[in-house]
Protein chains: 2
Amino acid sequence: MALIDSVVMRGLSTQGVLSSEDKALLLGLELSPRYMSANEVLWQESAEADLFCMVKEGWAYSYRNLKNGSKQILKFYLPGDIIGIRDFGFTRRLSGAAMINKGVVYPFSYQQLFELFGRSNLAVGIMATAMRQQAQLSERLIYLGKYAAHEQLAHFLYEIFLRLKRINAVEDNSFLMPLTQELISDALGMSPVHVSRTFSMLRERGLVIRERQHVMLPDPEALARLVEFNDSYIDELLPPSFSELLRASP
Amino acid sequence: MALIDSVVMRGLSTQGVLSSEDKALLLGLELSPRYMSANEVLWQESAEADLFCMVKEGWAYSYRNLKNGSKQILKFYLPGDIIGIRDFGFTRRLSGAAMINKGVVYPFSYQQLFELFGRSNLAVGIMATAMRQQAQLSERLIYLGKYAAHEQLAHFLYEIFLRLKRINAVEDNSFLMPLTQELISDALGMSPVHVSRTFSMLRERGLVIRERQHVMLPDPEALARLVEFNDSYIDELLPPSFSELLRASP
DNA sequence: GGCTATCCATAACCTATGTTAAGTTAGCAG
DNA sequence: CTGCTAACTTAACATAGGTTATGGATAGCC
C-alpha cells in the first residue's frame, strides 16, 4: 500500500505529472499497516498532532464532542481517504478520529510529509494557511449543526473579534464590522429577522453593543464562555516542532 | 505589500523558519494592487480558477447561490487573508467571491504559487488532496445552512454513493454503509428520530431503499436532481493546466 | 431455543426559528 | 427641509424539527 493509492495522487500519476523520483519517493514510503477494531480511537481531540492515516479498509470518522453532551461528526472517511490533514500546521488535534467498523490504516508522520515537500518551506507555509481556513470552516460547521441561534451569533462575533485583534483592528473591545444583518444571516443560515432578534437578546444580556457598523463587546470573556470558545484554531503560530522539522529537511 | 504579510507566513518568518532565499522569493513576488469598490465581484462561481487574492484593505466574502434563491456565505475575509485557496486543484471556482466594502487586493496566480513550491510536485498533490477535503466540508456547510432535512439526507447519501463509486464499492446502485442512524444524525446535526422520519419519507418517494447496512438508490439521478448535486467537487482529476504548470516549474 | 442489547419506526407533543407584515430610524439626494 | 431608501426592530402567526415515549425487529450470545 502506498500513498500513491490516494485519489489525487493517482490523478497526478496518471496525468504523467509525477516524475519517476516522485513516484519512487511515494512508493518507498514504507507505510506499515495498523489493524483497527470497530470503534477504536485513532486519536483524541487535543492529542498531539504528528501523523496522518491513510485508510485502507473500513470506515472512520472525525468528530468533536460538544459541551451539551452531543457530538458533531465532521467527516466520514472511506478507503483511500487520508485522515489528519486537517490538523497539519497545528500543535494539537482539533478533532478526534475513530474507526466505525474494523479496518486497516497506514499511518505516516508529518516528518515524512516534510521530506516529500523537499526544500520548500514555503509550501509548508501555504499549506498551513489553507488548513487554518479549513479549521475556521469546521468550527462554523459545528456551530451550525448543534447550537442555538444566540450561541451561533456569539461564536461568530467572537471569532471576528479575535481575527481583527490579530491585525490590530480592535480598540477598547470595539471594532468596525461592515456587515448588514442580512449578510450575517446568509452566513449563519438563519433568517434576517432572527438575527435581529438574537442581537436584541445579546444586547439585553449586556454581551454585545452594536450601533450600525460599530460593535463593542463589553466583556469578551463572558462571550467566549457562553460559547466555550476554543481559540486554538485561530492561533497564528505554527507548532514549535515545525521549526526543527523544517530545518532538518534536506 | 508582500505575501509575507499573510498571517502564517509572518509566523514562519518570525520563527526563523524561512531562509533568506525564501523571504526574497516572497518579497520579490511583485504583487500589484487592485482597487476594488464595494460589492465588486472578484470572480463568479464556476469561473475559471487561476489566481488567489490577498486582501489588503476592506472585507470580502465567498458565497454560493442556491437554487431556492438564497445564498450561503462560506467565509468572510479580513485584511491579511487569502481568498481562493479553496479552489486550488480545481478547474473552476466552487464559490463566488465579492467585496463587501471598498478595498485593495493583491492578486497572484497559481503559476506564482507553483514557482514557490519549487520542485515539489508532491507538495502540490498533497495540497490538492487537502483542498478536496475542504470542498466536501463546504458542501456540507451549505446543506446544513439552508436546506430541509430530506434534502440534506439525500445530499449526504448521494455524496457517499459517488465516493464509493470512485473506489468501485458500488454494484447495481447498491452499497454497504456501516452507519447507524445515530451516527448520521451526529453528522447532519439533526435528531436520530428525525433521521428515521426522513428515511421513511425518502423510501415512500422511492428514492432510497435501506435494509440495515445495505443501501440501494433505485434512481440515483432522481436523487441528484432533488439536491441539484454539483459533482465537480468530487471529481478526482486535477485541472489539465496543472500538468503544464508543473512541468514548466524549474 | 430463549435472553438481551441495539437499532429502528411511529406517535404525541413542544419549541425554536421561519414568515409576513407593519413601523421606526438613519443616511442621503434634491 | 422633504422625501426616499436601506437597515433594523418588533409582533403575530405558522411549521419543521426536537423531545419523549413505546413497541417491534434483528443480531449476538448462552
Side-chain angles (χ1 to χ4, degrees), chain A residues 37-39 59 66 68-73 100-102 143-157 176-205 208-216 226-227, chain B residues 38-39 59 66 68-73 100-102 143-157 176-205 207-216 226-227:
Chain A
S37 54
N39 300 310
W59 288 34
L66 307 184
N68 55 27
S70 64
K71 75 178 165 198
Q72 175 70 43
I73 292 178
I100 291 170
N101 45 11
K102 81 189 180 75
Y143 271 80
L144 269 178
K146 305 263 173 139
Y147 285 105
H150 69 275
E151 294 168 308
Q152 275 186 60
L153 184 57
H155 181 269
F156 176 80
L157 291 172
L176 207 83
M177 182 173 73
L179 304 177
T180 62
Q181 293 190 354
E182 196 184 352
L183 277 175
I184 296 174
S185 79
D186 284 336
L188 299 187
M190 64 178 88
S191 69
V193 174
H194 204 55
V195 171
S196 174
R197 278 198 281 248
T198 309
F199 263 118
S200 304
M201 177 189 172
L202 291 178
R203 182 183 348 107
E204 276 158 30
R205 290 211 205 167
V208 177
I209 297 167
R210 179 167 155 282
E211 173 77 22
R212 302 188 55 77
Q213 307 200 340
H214 299 273
V215 178
M216 177 174 172
L226 174 63
V227 296
Chain B
N39 298 311
W59 288 34
L66 308 184
N68 56 27
S70 65
K71 76 179 166 196
Q72 175 69 44
I73 292 177
I100 290 169
N101 46 10
K102 81 189 179 80
Y143 272 80
L144 267 179
K146 304 264 173 136
Y147 286 105
H150 70 276
E151 295 168 308
Q152 275 186 61
L153 183 57
H155 181 270
F156 176 80
L157 291 172
L176 208 84
M177 183 172 73
L179 305 177
T180 63
Q181 292 190 354
E182 195 183 352
L183 277 174
I184 297 175
S185 80
D186 284 336
L188 300 187
M190 63 179 90
S191 69
V193 175
H194 204 55
V195 171
S196 173
R197 278 197 280 248
T198 310
F199 263 117
S200 303
M201 177 189 172
L202 292 178
R203 182 183 349 107
E204 277 158 29
R205 290 209 204 171
L207 291 169
V208 177
I209 297 168
R210 179 169 156 284
E211 173 77 20
R212 308 219 130 244
Q213 307 200 341
H214 299 273
V215 179
M216 177 175 172
L226 174 64
V227 296

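Letters A, B, ... are given to chains in the order of the sequence lines, protein chains preceding strands, and every chain is numbered from 1.
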What is the distance, rounded to the nearest whole Å, between atom [atom1] of [X] and atom [atom2] of [N]?
X: Glu204(A); N: dT10(D); atom1: CD; atom2: C1'; value: 11 Å
X: Met201(A); N: dT9(D); atom1: CE; atom2: P; value: 15 Å
X: Leu188(A); N: dT17(C); atom1: CG; atom2: P; value: 12 Å
X: Met177(A); N: dA7(D); atom1: CE; atom2: P; value: 14 Å
X: Arg212(A); N: dT9(D); atom1: CZ; atom2: C1'; value: 14 Å
X: Leu179(B); N: dT6(C); atom1: CG; atom2: P; value: 18 Å
X: Gln213(B); N: dT6(C); atom1: CD; atom2: P; value: 16 Å
X: Arg210(B); N: dC7(C); atom1: CZ; atom2: P; value: 11 Å

Problem - Heavy-atom check, side chain of Tyr147(A) versus side chain of Leu66(A), under 4.5 Å - result: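 Yes. Closest side-chain heavy atoms under 4.5 Å.
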Practice task
Using a 4.5 Å cut-off on heavy atoms from C-beta on, say whether the side chain of Arg210(A) contacts that of Leu157(A).
Solution key: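 When only atoms from C-beta onward are counted, Arg210(A) and Leu157(A) do not touch, as no gap falls below 4.5 Å.
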Handout entry: Sugar-phosphate only, base, or nothing, as touched by Thr180(B) at under 4.0 Å among non-hydrogen atoms
Key =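 Sugar-phosphate contact only.
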Exercise for the section: Measure from the side-chain N and O atoms of Ser196(A) to the backbone N and O of Pro192(A), and report whether any donor-acceptor pair falls under 3.5 Å. Expected result: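 Side chain of Ser196(A) to backbone of Pro192(A): no pair is present.
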Exercise for the section: Determine yes or no for a side-chain-to-main-chain donor-acceptor pair under 3.5 angstrom, with Gln213(A) supplying the side chain and Leu179(A) the backbone. Expected result: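 Between the backbone of Leu179(A) and the side chain of Gln213(A) there is no qualifying donor-acceptor contact (under 3.5 Å).
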Could you state the interatomic distance from [atom1] ([X]) to [atom2] ([Y]), rounded to the nearest 0.5 Å?
X: Leu153(B); Y: Gln181(B); atom1: CG; atom2: CD; result: 9.0 Å
X: Met177(A); Y: Ile100(B); atom1: CE; atom2: CD1; result: 10.0 Å
X: Gln72(A); Y: Leu188(B); atom1: CD; atom2: CG; result: 8.5 Å
X: Met190(B); Y: Thr198(B); atom1: CE; atom2: OG1; result: 5.5 Å

Exercise for the section: Do nucleotides 13-22 of chain D as a string where each nucleotide becomes B, S or -: B if the base has a protein heavy atom under 4.0 Å, S if just the sugar-phosphate does, - if no protein is that close. Expected result: ----BBBB--
Practice task
Return no unless some side-chain N or O of Arg203(A) is found under 4.0 Å from OP1 or OP2 of dT9(D).
Solution key: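 Checking Arg203(A) against dT9(D): at least one side-chain N or O falls below 4.0 Å of OP1 or OP2.
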Problem - Ser200(B) side-chain N/O to dT10(C) phosphate OP1/OP2 under 4.0 Å - result: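 It does, given that an N or O in the side chain of Ser200(B) lies less than 4.0 Å from OP1 or OP2 of dT10(C).
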Exercise for the section: Can you pull out how bent the helix from dG1(C)-dC30(D) to dG30(C)-dC1(D) is, comparing the axes over its first five and last five pairs, to 10°? Expected result: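 Answer for the end axes of this duplex: 40°.
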Practice task
Heavy atoms only: give me the nearest Ser70(B)-Lys146(B) pair and the separation to one decimal.
Solution key: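 Nearest pair, atom of Ser70(B) first, then Lys146(B): OG-CD, 3.7 Å.
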Handout entry: Closest nucleotide among dT9(D), dA27(D), dA26(C) to the Gln181(A) side chain
Key =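 From the listed options, dT9(D) comes nearest.
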